[in-house]
Amino acid sequence: MKSYDYIIVGSGIAGLYAALLAREHGSVLVITKGSVDDCNTRWAQGGIAAPIGPDDSPRKHYDDTIAAGAGLVDPEAARVLTEEAADRIDDLVRFGVPFDTQHGEIALAREGAHSAPRVLHAGGDSTGAHIELTLSSVAQQSGITVLEYTLATEILLAGGPERAHSRAPLRAVRGVRALDERTGRTTDYACRHLVLATGGAGQLYRVSTNPEVATGNGIALAYRAGAEVMDMEFFQFHPTALRLPGVQPFLISEAVRGEGGVLLDAEGVRFMPEYDTRAELAPRDIVARAILERMQRTGTDHVYLDVTHLESALVIARFPQIYRFCLDHGLDITRERIPVSPAAHYTMGGIRTNVWGETNIAGLYACGECACTGVHGANRLASNSLLETVIFAKRVVHRTLEAPGAAAEPAAGAIDLPPAAPAEAPPPSREALQSLMWDEVGIVRDGDGLARAKASLAAWQASLPAPADRPSHELADLVVCGRLVTEAALLREESRGAHYRSDFPQPREEWWRHIIFRKDA
Ligand SMILES: Cc1cc2nc3c(=O)[nH]c(=O)nc-3n(C[C@H](O)[C@H](O)[C@H](O)COP(=O)(O)OP(=O)(O)OC[C@H]3O[C@@H](n4cnc5c(N)ncnc54)[C@H](O)[C@@H]3O)c2cc1C
């Protein structure tokens with residue numbers, strides 16, 4: 001078996017950044033299931049948050065992060081995020097990420113629910129593409145081995161020593177099993193440190209801003225191996241994705257509303273001030289629900305985002321990617337309103353880690369969107385996700401040197417998914433799964449719909465044949481993630497952050513806690 005000090009699964013910002021730091025300390029293998037740049041990162045538009053402006057401070061950024069998370073942000077994780085932000089931005093600049101500047105200083109945009117301008121961007125709205133291309137080319141120059149079109153399919157475990165003060169046995173990682181999509185061959189790789197940087201699960205939903213690769217693999221792999229998974233009921237829906245017939249939902253960044261874009265309904269009426277005093281700059285869940293309600297009221301599948309009153313030159317300079325994408329599809333946004341609707345966007349939950357990126361399995365780390373570090377709580381503050389990836393990737397590598405083989409304390413009160421009942425149901429298609437999740441476990445949920453989804457998902461899981469190729473592995477992992485989201489959403493009988501239940505529309509004190517899953521050994 002080939003052996004490495006570090007195996008990193010995923011080549012988005014979290015995986016590449018971790019790989020670039022880890023190569024200073026040992027041998028590194030990056031495994032990624034598509035081409036190196038196939039990931040959520042390259043689609044990120046608005047930017048990366050960091051409190052580096054003259055009127056800003058880590059404390060202000062911390063306060064905004066805590067406020068956005070609706071009571072469930074881990075204060076220590078938020079402190080780490082905001083205090084270490086400036087140093088990680090310096091690292092990205094050193095690697096060559098070309099952040100936009102104004103008068104010789106890094107330009108900072110303001111986004112919804114941020115109390116100061118603090119969002120760095122590159123190439124206007126092409127921030128993610130610039131970050132991804134920069135890091136992947138530095139990784140290539142550094143000679144890091146990247147296995148493309150290779151899907152991690154199982155975490156290989158060894159028994160570990162008993163914990164000194166805990167009755168839970170410490171499991172330990174010994175490597176990872178991976179499938180080469182091009183040859184169909186499965187290979188086991190050994191490592192001392194396995195870092196999951198596999199991104200989110202946006203493909204759970206019919207309407208999603210996430211590319212095809214976002215199938216929650218890492219979360220499902222970790223869950224099967226016995227790692228804890230937390231906060232899965234909190235899925236962020238972005239309010240404004242382009243809605244054109246036959247065109248993939250394409251994100252129209254928050255920053256467009258930040259620059260003065262307004263939302264109009266099918267009758268041309270500006271409606272957000274009726275829903276929230278912050279109008280278009282209200283938190284995403286409020287804007288998404290308002291749009292949904294307006295679409296239902298006017299019987300349409302979209303509303304409009306209007307920037308025609310802004311200077312054309314500003315729109316084109318600030319949002320070149322959006323302008324170009326829309327123009328390529330016959331829409332000149334400087335002259336015409338943009339049809340938009342909400343879309344699934346960001347997986348707040350994921351593999352539970354401590355502030356060092358450690359999971360409850362020794363040697364298994366998670367960072368980036370697949371991880372749940374606690375910085376987002378029930379709702380992510382825009383542009384904190386790119387920041388989170390680099391903050392915790394750095395900490396993972398640091399930890400492998402300071403305390404190799406350590407693990408996070410297991411959570412008290414973790415539960416397992418109920419057993420999947422064997423059923424006659426035929427295995428689902430990805431499309432059927434996405435429709436079920438969109439209709440029953442979407443922006444507005446209720447107990448009846450969630451119970452229906454729970455039954456279907458359990459039946460589907462029991463009827464899936466053993467996966468043999470990338471699509472069948474992805475489907476099996478999506479079904480596991482769908483079950484984790486649905487079970488948690490059904491248990492959480494309240495509305496909080498991005499989780500909205502029409503049968504429990506208010507937050508409830510007794511739910512001021514996390515739902516954590518851990519598979520029974
Ligand atoms: C349209 C869009 C716009 C966004 N805009 C912003 C923004 O402006 N600001 C912000 O902060 N955030 C934004 N986000 C969110 C942000 O882009 C992501 O949270 C972040 O890029 C995640 O990085 P990551 O490295 O964790 O995951 P990803 O970039 O998704 O990378 C995951 C990697 O893992 C690989 N992988 C997955 N499973 C396996 C497996 N089993 N085996 C091998 N490889 C695997 C994938 O192929 C991929 O390479 C946006 C997201 C989208 C979709």
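In each ligand, atom 1 is the first atom listed, and ligand 1 is the first ligand listed. Bear in mind that the values here come from a model prediction, so they are computed numbers and not experimental data.
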What protein heavy atom sits nearest [atom], and how far away is it?
atom: atom 12 (N) of ligand 1; answer: Ser385 OG, 2.7 Å
atom: atom 35 (C) of ligand 1; answer: Gly10 CA, 3.6 Å
atom: atom 44 (N) of ligand 1; answer: Lys33 N, 3.1 Å
atom: atom 17 (O) of ligand 1; answer: Ala44 CB, 3.5 Å
atom: atom 52 (C) of ligand 1; answer: His345 CE1, 3.5 Å
atom: atom 26 (O) of ligand 1; answer: Glu369 N, 2.9 Å

- prompt: Using the ring of each side chain (for Trp, its six-membered ring), is His302 parallel, tilted or perpendicular to Tyr304, with breaks at 30° and 60°?
  reply: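 Correct class here is perpendicular.
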Is it true that [X] and [Y] have a side-chain N and a carboxylate O under 4.0 angstrom from each other?
X: Asp91; Y: Arg94; value: yes
X: Asp64; Y: Arg118; value: yes
X: Glu388; Y: Arg380; value: no
X: Arg42; Y: Glu132; value: no

- request: Report yes if the distance between the aromatic ring centroids of His376 and Tyr346 is under 6.0 Å, otherwise no.
  value: yes
- prompt: Relative to atom 24 (P) of ligand 1, which among Thr209, Thr41, Leu120 owns the nearest non-hydrogen atom?
  reply: Thr41
Best match, Val119, Asp38, Val213, Asn384: closest heavy atom to atom 48 (C) of ligand 1: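 Shortest heavy-atom distance from atom 48 (C) of ligand 1: Asp38.
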task: Check the side chains of Asp180 and Thr150 for a donor-acceptor pair under 3.5 angstrom, ignoring hydrogens and angles.
output: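 Thr150 vs Asp180: no donor-acceptor pair found between side chains.
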Could you tell me which atoms of ligand 1, counted from 1 in the order shown, lie closer than 4.0 angstrom to a heavy atom of [X]?
X: Trp43; value: 1 (C), 2 (C), 3 (C)
X: Gly368; value: 26 (O)
X: Thr150; value: 42 (N), 43 (C)

query: Is Trp43 atom CH2 crowded by more than 12 heavy atoms from other residues, nucleotides or ligands, each under 6.0 Å away?
result: no
